[in-house]
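It should be emphasised that the depicted structure is a prediction, and the values quoted were computed from it without experimental measurement. Throughout, a chain's letter reflects where its sequence line sits, starting with A, and its residues are numbered from 1.
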There are 2 protein chains.
Amino acid sequence: MADRDTNTAEALFRAFRDGFRWDGVAHMPYKEDGSAPFKAISRQVLFEDPSQGCQLRYFEMDADGYSTLERHEHVHAVMILRGRGHCLLGDEVREVKQFDLVTIPAWTLHQFRATRGEPMGFLCMVNAERDKPQLPADAEVQALRRDPKVAAFLDGKAG
Amino acid sequence: MADRDTNTAEALFRAFRDGFRWDGVAHMPYKEDGSAPFKAISRQVLFEDPSQGCQLRYFEMDADGYSTLERHEHVHAVMILRGRGHCLLGDEVREVKQFDLVTIPAWTLHQFRATRGEPMGFLCMVNAERDKPQLPADAEVQALRRDPKVAAFLDGKAG
């Protein structure tokens, strides 16, 4: 093995632990304030090697938690890793479960929700260099709500 | 949703199926010949969006199967997704199990083996543009074998 710190066996082999944590990976809960557009979600960056064009992150929501409803130019390649819940993608609501794959295309509104009374976690592969997410305008969300299935999703009542 | 074929809901939501297969993902067994430096391994490319700098693939070995012992400049970011087994990385042999993380640095010999009487599968994130793998010289393998733990691994008898 090379002798750089990042190439020690301890840095190269990182064990999975109970509760979906990994050795040597920082667990970063998102700090909520009154206007937080997300709920009960945390991030762990699993891989961010500067020689790679992408990073691999693990996001997890507690039961009833949700990610931010947002869009951006960069694509997200998602695999559900833990539990089940629902995903809104454009105007489509789908139930998703462990190991299902979701592609978030450019500029497509998306949100994940842990709707099944259990935590839901997912891997997200993303370009290392990427644009910032944008939030939808209120009018756009109201238009989306005309679909009862989308409204139920946004109200945390996805069937 | 956009109306390109690649942006249909069917293309964006791909369900996980029994036996670690996914809807819309081709299962590609590697064809072995007499001199094959791998055994009983298959590949499924889960994500290969041209806008992303990396691809995410899933490799699986049957019980007693193994990947090619090789090295290359590009880095592999690996998560074990199914089962358990062993990994050789440089001169280090480690047991690995579901959801463990392994970083394969540049130019480091590596091999995965399904040593536990069950299939072992792993995700591998890799740059879309990358160099070809190189096989070690016989003399290098013989030198590695001086370590009994490495020799046992290469003989399919990792403890």
Less than 4.5 Å apart, any side-chain heavy atom of Phe16(B) and any of Leu101(A)? no
Are side-chain heavy atoms of Arg14(B) and Asp100(A) found at a separation under 4.5 Å? no
Using heavy-atom distances under 4.5 Å, tell me whether Glu48(A) contacts chain B through its side chain, its backbone, both, or neither. neither
Side chain, backbone, both or neither of Gln98(B) within contact of chain A (heavy atoms, under 4.5 Å): both
Which bit of Glu95(B) is near chain A, if near means a heavy-atom gap under 4.5 Å: side chain, backbone, both or neither? neither
Residue part contacting chain B, namely of Val96(A), when any heavy atom lies under 4.5 Å: side chain
Is Asn127(A) close to chain B through its backbone or its side chain, or both, or neither, when contacts mean heavy atoms under 4.5 Å? both
Where on Val25(B) is there a heavy atom nearer than 4.5 Å to chain A: the side chain, the backbone, both, or neither? side chain
Heavy atoms only: give me the nearest Ala9(B)-Arg94(A) pair and the separation to one decimal. CB-NH2, 3.3 Å
Whatever's closer than 4.5 Å to a heavy atom in chain B on Leu81(A) counts as both
Spell out, as yes or no, whether a donor-acceptor pair under 3.5 Å connects the side chain of Glu92(B) to the backbone of Phe13(A). no
Is there a donor-acceptor pair under 3.5 Å between the side chain of Gln52(B) and the backbone N or O of Val75(A)? yes
